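In what follows, a structure is listed as structure tokens, so that the remarks can point back to it.
All of these numbers come straight from a predicted model, not from anything done at the bench.
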Amino acid sequence: MSLAARVIPCLDVKDGRVVKGVNFMDLRDAGDPIECARVYATEGADELVFLDVTASSSGRAPTYDMVNQVAEEIFIPFAVGGGIRSCDDVDRMLREGADKVGVNTAAIARPELISEIARRFGNQVLVLSADVRRSTATTSGMEVTTHGGRTGTGIDALAWLARAQDLGAGEILLNSMDADGTKQGFDLEMIERAREVVDLPLIASGGAGAVEHFAPAIRAGADAVLAASVFHFGDFTIGDVKAELAREGIDVR
């Protein structure tokens with residue numbers, strides 16, 4: 001576990017705009033990514049995550065220009081995922097100013113990509129993004145999906161997380177597809193079961209709808225909590241979340 005819990009806004013980007021929906025569907029515009037990044041950095045975000053939600057499904061390259069603009073505006077760490085398929089993509093992303101990169105679809109298609117990135121750049125830059133849904137198709141009852149959650153893989157999620165750790169991933173971004181955007185709370189069982197199979201830093205994502213939802217996720221085993229729509233649409237602030245975590249006796253930055 002980290003010494004202090006991190007609070008991380010997630011910016012899902014499509015066509016140059018921040019968007020958010022429910023279960024990755026019915027996306028609504030949530031603003032300009034550069035402006036959102038600037039606001040969140042000012043409000044006390046510990047890190048930011050940018051996910052290009054259509055880069056993999058459309059076969060596009062990552063959005064390097066946006067990354068460069070974000071790097072010029074903020075001075076907190078940020079990770080970028082979506083469309084990263086090779087070490088060359090990672091190299092350019094880091095040169096544009098990203099601190100970390102997230103991989104999902106490309107790593108499932110070719111797991112050795114995880115090892116290649118870790119060896120070349122260090123595992124501290126590599127976040128394995130796992131979009132996981134409940135499924136009877138796997139032993140654990142949890143299945144990894146790809147292409148922004150639109151494609152099932154038949155791969156057991158817990159086995160995949162353990163393998164990714166062995167291959168050199170530095171951090172896990174665990175997104176519950178079933179909880180995503182529902183505002184009903186994080187999938188605590190999923191977090192607990194993921195923590196049983198990996199000892200990497202674990203970011204919990206999917207389902208935040210109230211400040212009271214964050215502390216249980218940390219207690220379930222997450223090192224960081226990630227949310228999107230509740231921040232984008234003003235339900236509450238990063239400061240509100242940190243205050244609630246502190247009231248619950250959880251160290252925050």
Side-chain angles (χ1 to χ4, degrees), residues 1-3 6 8 10 13 46-53 55-57 59-68 70-71 74-132 140 142-148 151 153-175 191 193-205 221-224 226:
M1 293 288 288
S2 301
L3 293 178
R6 290 171 288 151
I8 305 175
C10 180
V13 180
D46 296 304
E47 299 179 18
L48 296 176
V49 170
F50 293 85
L51 298 177
D52 188 326
V53 296
S56 291
S57 60
R60 279 194 297 100
T63 51
Y64 297 113
D65 289 346
M66 182 199 73
V67 174
N68 182 266
V70 170
I74 68 171
F75 301 96
I76 60 173
F78 69 97
V80 182
I84 294 174
R85 302 174 181 86
S86 69
C87 283
D88 287 343
D89 291 337
V90 175
D91 182 64
R92 182 170 176 186
M93 193 66 76
L94 297 177
R95 290 177 184 275
E96 294 291 349
D99 299 277
K100 304 176 185 178
V101 297
V103 295
N104 179 356
T105 300
I108 291 171
R110 198 171 66 84
E112 57 268 31
L113 176 64
I114 296 173
S115 297
E116 292 167 5
I117 295 172
R119 283 196 301 266
R120 181 167 169 183
F121 304 102
N123 61 6
Q124 76 281 353
V125 309
L126 180 55
V127 181
L128 181 85
S129 181
D131 295 332
V132 179
S140 71
M142 299 178 186
E143 178 188 23
V144 176
T145 66
T146 64
H147 297 89
T151 305
T153 64
I155 297 172
D156 187 284
L158 299 186
W160 173 236
L161 297 184
R163 186 181 181 193
Q165 175 173 269
D166 291 341
L167 287 169
E171 193 166 16
I172 302 291
L173 170 53
L174 179 67
N175 184 42
I191 297 168
R193 294 183 68 187
R195 176 50 69 206
E196 290 173 357
V197 299
V198 297
D199 54 19
L200 296 174
L202 182 64
I203 305 169
S205 171
D223 300 279
L226 180 148

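- Here salt bridge (Lys or Arg N to Asp or Glu O under 4.0 Å) pairs that include residues 156-170, with residues two or more places apart or in two chains, number zero.
- Across Val101 and Leu94, no two heavy atoms sit closer than the pair CG1-CD2, 4.5 Å.
- Atom-to-atom distance recorded for Ser205:OG and Ile191:CD1 is 9.5 Å, nearest 0.5 angstrom.
- Rounded to the nearest 0.5 Å, atoms OG (Ser115) and CG (Leu167) are 4.0 Å apart.
- Taking OG1 from Thr105 and CD1 from Ile84, the interatomic distance works out to 11.0 Å, rounded to the nearest 0.5 Å.
- Partners of Gln165 by side chain to side chain contact (heavy atoms under 4.5 Å, CB included), not counting sequence neighbours, listed by chain and number: Val198, Asp199, Leu200.
- Residues Arg193 and Ser140 come closest through the heavy atom pair NH1-O, 3.0 Å.
- One distance of note links CD1 of Ile203 with CD of Glu47; it measures 6.5 Å at 0.5 Å rounding.
- Minimum interatomic distance between Cys87 and Leu113 (heavy atoms only, all atoms of both residues): N-CD1, 4.3 Å.
- For Ala98, the side chain to side chain contact (heavy atoms under 4.5 Å, CB included) partners two or more places apart in sequence, or in a different chain, are Val67, Phe78, Val80, Met93.
- Minimum heavy-atom separation, Cys10 to Leu226: CB-CD2, 3.2 Å.
- Residue Val144 comes nearest to Ala157 through the heavy atom pair CG2-CA, 3.5 Å, listed as atom of the first residue, atom of the second, then distance.
- When each of Thr145, Leu174, Thr153, Thr146 is tested with Asp131 by the rule side-chain contact (heavy atoms from CB on, under 4.5 Å), just one qualifies, namely Thr145.
- Considering every non-hydrogen atom in both Ala194 and Leu161, the closest pair reads CB-CD1, 3.8 Å.
- Legend: residues meeting side chain to side chain contact (heavy atoms under 4.5 Å, CB included) with Arg92, ordered by chain and number and at least two apart, are Tyr64, Glu96.
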Side chains of residues 118-129: which donor-acceptor pairs under 3.5 Å do they make with residues two or more places apart or in other chains?
from	atom 1	to	atom 2	distance (Å)
Gln124	NE2	Phe121	O	3.2

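- Glu171 pairs by the salt bridge (charged side-chain N to carboxylate O under 4.0 Å, His left out) definition with Arg6, Lys100, not counting sequence neighbours.
- To the nearest 0.5 angstrom, Asn175 atom CG is 8.5 Å from Leu51 atom CG.
- In this structure, the side-chain hydrogen bond (donor to acceptor under 3.5 Å, both in side chains) partners of Arg110, at least two apart in sequence or on a different chain, are Glu116.
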